[in-house]
Amino acid sequence: MKPKLRFKAEDGSDFPDWEKMTLGDIGSVAMCKRVFKEQTSSAGDVPFFKIGTFGSEPDAYISRELFEALKKNHPYPKNGTVLLSASGTVGRQVVYQGEDAYYQDSNIVWLEHDDSVTDSFLEQFYSVVHWQGLEGSTIKRLYNKTILSTTFYRPSLPEQHKIADLLSTVDCVIAEQQSEVAAWVQRKKGVMQKLFSQEVRFKADDGSDFPDWKKKKLGEICEYGRQRGIGAHYVGTENMLKNFGGISINDPEAKASGSLYFEGDTLMSNIRPYLKKAWKANCNGACSSDVLVFHPTNVESDYLHCIIASDSFVTYVMSAAKGSKMPRGDKAHMMQMPLILPSVPEQRKIADCLSSIDDVIVKARTELAEWQELKKGLLQQMFV
């Protein structure tokens with residue numbers, strides 16, 4: 001068993017064949033000691049992370065004294081150790097960089113391994129491994145025995161370094177591209193805030209001021225699409241991307257029965273509106289009943305999309321959403337949303353401005369997807 005893509009040694013010779021073994025042959029599983037609720041507070045010194053907030057905001061804080069005691073009396077990861085989630089999103093990982101933070105209990109584990117393998121190589125291996133025999137009906141669980149029995153092909157240390165260095169370089173590019181996307185999304189929010197609050201106003205082509213904006217309700221400028229039928233380019237909530245990322249459809253020509261939409265309509269997922277799934281249709285098609293179709297009546301279609309695909313609209317929808325686990329927006333409540341509408345010419349200028357930013361965001365997301373696909377291809381070629 002050899003990977004399809006191999007490095008050469010510095011002298012041009014081939015590296016030794018990879019050795020087949022299990023993760024248990026090179027180490028044992030360790031886990032963080034559990035921290036109970038009564039030991040945490042919002043006023044502590046040390047950030048405390050659970051599995052669901054891996055690499056994100058801390059759930060709580062623990063005291064400095066407890067933190068030092070836990071590290072002293074229980075195994076704790078070294079810098080560079082790859083921490084794994086053992087439940088929920090099984091296999092999710094984060095590299096421990098020695099930050100002054102504590103990770104909780106048996107839901108977060110790592111491999112205490114010997115010197116025949118590097119942490120950076122293990123990090124890439126975890127990206128491609130398919131954990132077998134996961135247990136649990138609703139919430140899957142990655143048990144220690146599964147980790148230790150997982151088949152592992154070990155290259156020589158020099159080849160491990162070369163593989164990890166290349167893939168880490170790609171990871172850095174991906175991280176930079178993700179930051180660029182996030183920065184442009186944030187810039188767009190700032191521009192929208194200034195435009196919709198009228199802090200910044202456009203001028204007419206002749207340099208004159210546009211008319212004052214008029215108070216309206218959403219229902220006065222658009223209506224729900226209510227036609228049903230069979231159409232192609234079928235859109236379900238699962239096809240819509242979060243954070244106003246548009247849609248992703250594998251087979252646009254496949255036809256299905258549902259609510260009809262038309263070019264220029266704005267579609268929004270009404271399940272868990274906080275996921276911010278919205279798309280301006282560039283064709284005719286059909287969608288599921290869980291997707292709302294907003295058809296412009298007295299507003300420019302691009303400007304209507306700007307309203308629907310905005311944080312302020314999502315906040316308004318969530319203020320009357322019904323349901324705890326799978327909240328849905330109230331359709332009647334949505335149409336009562338108050339807004340201030342500019343004249344049609346100013347609507348076009350605002351929409352053109354935001355559309356230009358959207359073009360930059362789409363380009364940045366496309367480049368990100370290409371780098372992610374490259375990383376995926378390299379992993380498939382470089383691992384057995």
Side-chain angles (χ1 to χ4, degrees), residues 1-10 14-31 49 51 54-56 77-99 103 107-134 140 142 144 146-179 367-384:
M1 296 291 292
K2 296 181 180 180
K4 297 178 181 179
L5 183 61
R6 294 289 301 274
F7 282 94
K8 294 283 188 179
E10 298 296 337
D14 293 332
F15 282 118
D17 289 341
W18 293 25
E19 298 179 80
K20 182 179 180 180
M21 57 187 63
T22 65
L23 290 177
D25 292 328
I26 61 172
S28 59
V29 175
M31 64 186 68
F49 295 87
I51 205 68
F54 242 16
S56 182
K78 301 175 182 178
N79 292 4
T81 298
V82 185
L83 307 181
L84 290 171
S85 62
S87 68
T89 308
V90 172
R92 188 180 179 190
Q93 63 188 71
V94 64
V95 178
Y96 182 71
Q97 301 291 354
E99 64 267 36
Y103 295 87
N107 286 329
I108 300 177
V109 301
W110 69 91
L111 190 71
E112 289 277 7
H113 57 82
D114 59 28
D115 295 334
S116 67
V117 66
T118 65
D119 288 306
S120 55
F121 183 79
L122 273 180
E123 178 188 359
Q124 303 300 339
F125 169 72
Y126 290 150
S127 299
V128 297
V129 66
H130 296 287
W131 303 108
Q132 302 296 322
L134 299 179
K140 297 298 182 182
L142 178 61
N144 294 358
T146 302
I147 297 175
L148 297 177
S149 64
T150 296
T151 301
F152 175 68
Y153 289 85
R154 184 180 63 189
S156 64
L157 280 173
E159 191 170 8
Q160 287 183 41
H161 288 301
K162 286 181 175 290
I163 292 171
D165 287 347
L166 173 62
L167 294 176
S168 294
T169 300
V170 177
D171 284 338
C172 288
V173 176
I174 290 174
E176 291 174 0
Q177 196 64 31
Q178 289 172 328
S179 297
E367 291 179 7
L368 172 60
E370 289 172 351
W371 278 105
Q372 290 171 328
E373 193 63 25
L374 172 63
K375 168 74 182 293
K376 181 180 177 181
L378 288 172
L379 286 170
Q380 291 173 344
Q381 297 287 320
M382 300 180 75
F383 283 82
V384 176

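Computed from heavy atoms alone, side chains included, the values below leave out hydrogens, waters and symmetry copies.
To the nearest 0.5 Å, atoms CG (L23) and OG (S28) are separated by 11.5 Å. Between atom CE of residue M382 and atom NZ of residue K4 there is a gap of 14.0 Å, rounded to the nearest 0.5 Å. Here the straight-line distance linking atom CG of L157 with atom OG1 of T118 works out to 7.0 Å at 0.5 Å rounding. Atom CG of residue D114 and atom CD1 of residue I26 lie 6.0 Å apart, to the nearest 0.5 angstrom. Note: D165 CG to S120 OG = 7.0 Å, rounded to the nearest 0.5 Å. Here the straight-line distance linking atom CH2 of W131 with atom OG1 of T150 works out to 4.5 Å at 0.5 Å rounding.
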*Apply side-chain contact (heavy atoms from CB on, under 4.5 Å) to the pair Q93 and L83, showing each step before the final yes or no.*
CA-CA 5 Å; Q93 63 188 71; L83 307 181; over 6 Å; no
*Is there a side-chain contact (heavy atoms from CB on, under 4.5 Å) between Q372 and Q178 once you walk through the steps?*
CA-CA 10 Å; Q372 290 171 328; Q178 289 172 328; 3.8 Å; yes
*Would you check, one step at a time, whether the test side-chain contact (heavy atoms from CB on, under 4.5 Å) holds for W110 with V29?*
CA-CA 6 Å; W110 69 91; V29 175; over 6 Å; no
_D25 vs T22, side-chain hydrogen bond (donor to acceptor under 3.5 Å, both in side chains): CA-CA, chis, key distance, verdict_ = CA-CA 5 Å; D25 292 328; T22 65; 3.3 Å; yes
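Scored by the salt bridge (Lys or Arg N to Asp or Glu O under 4.0 Å) test, E123 finds no partners at all (sequence neighbours excluded). Among residues two or more places apart in sequence or in another chain, the salt bridge (Lys or Arg N to Asp or Glu O under 4.0 Å) test is passed with E367 by none. Residues passing the side-chain hydrogen bond (donor to acceptor under 3.5 Å, both in side chains) test with E370, sequence neighbours excluded: none. With sequence neighbours left out, D171 forms a side-chain hydrogen bond (donor to acceptor under 3.5 Å, both in side chains) with Q124, K375. In terms of the salt bridge (Lys or Arg N to Asp or Glu O under 4.0 Å) criterion, D115 has no residue partners (sequence neighbours excluded). Partners of F152 under the ring pair (Phe, Tyr, Trp, His ring centres under 6.0 Å) rule, at least two apart in sequence or in another chain, are F125.
Y153 has its side chain out of reach of P3: every pair of non-hydrogen atoms, C-beta onward, lies at least 4.5 Å apart. At least one side-chain heavy atom of L379 sits under 4.5 Å from a side-chain heavy atom of L167. A heavy-atom distance below 4.5 Å is not found between the side chains of L374 and I174. Two residues are said to be in side-chain contact when any heavy atoms from C-beta on lie closer than 4.5 Å; L84 and L111 fail this criterion. Taking 4.5 Å as the limit, some side-chain heavy atom of K8 sits within range of a side-chain heavy atom of D14.
Shown here for F121 and V117, the closest heavy-atom pair between the two residues is CD2-CG2, 4.1 Å. Pairing each heavy atom of P155 with each of I163, the nearest pair is CG-CD1, 4.5 Å. For the residue pair L142 and S85, the shortest heavy atom distance occurs at CD2-O, 4.2 Å. Residues L148 and G27 share a closest heavy-atom pair of CD2-O, 3.7 Å.
The pair E112-K78 fails the salt-bridge criterion, with no side-chain N (NZ, NE, NH1 or NH2) lying under 4.0 Å from an Asp/Glu carboxylate O.
Using the six-membered ring where Trp is involved, F383 and W18 have ring planes that are perpendicular, over 60° apart on the 30 and 60° scheme.
A donor-acceptor distance shorter than 3.5 angstrom exists from the side chain of S168 to the backbone of A164, with no hydrogens or angles considered.
None of Q160, E159, E19 except one satisfies the side-chain hydrogen bond (donor to acceptor under 3.5 Å, both in side chains) rule with R154; the exception is E19.
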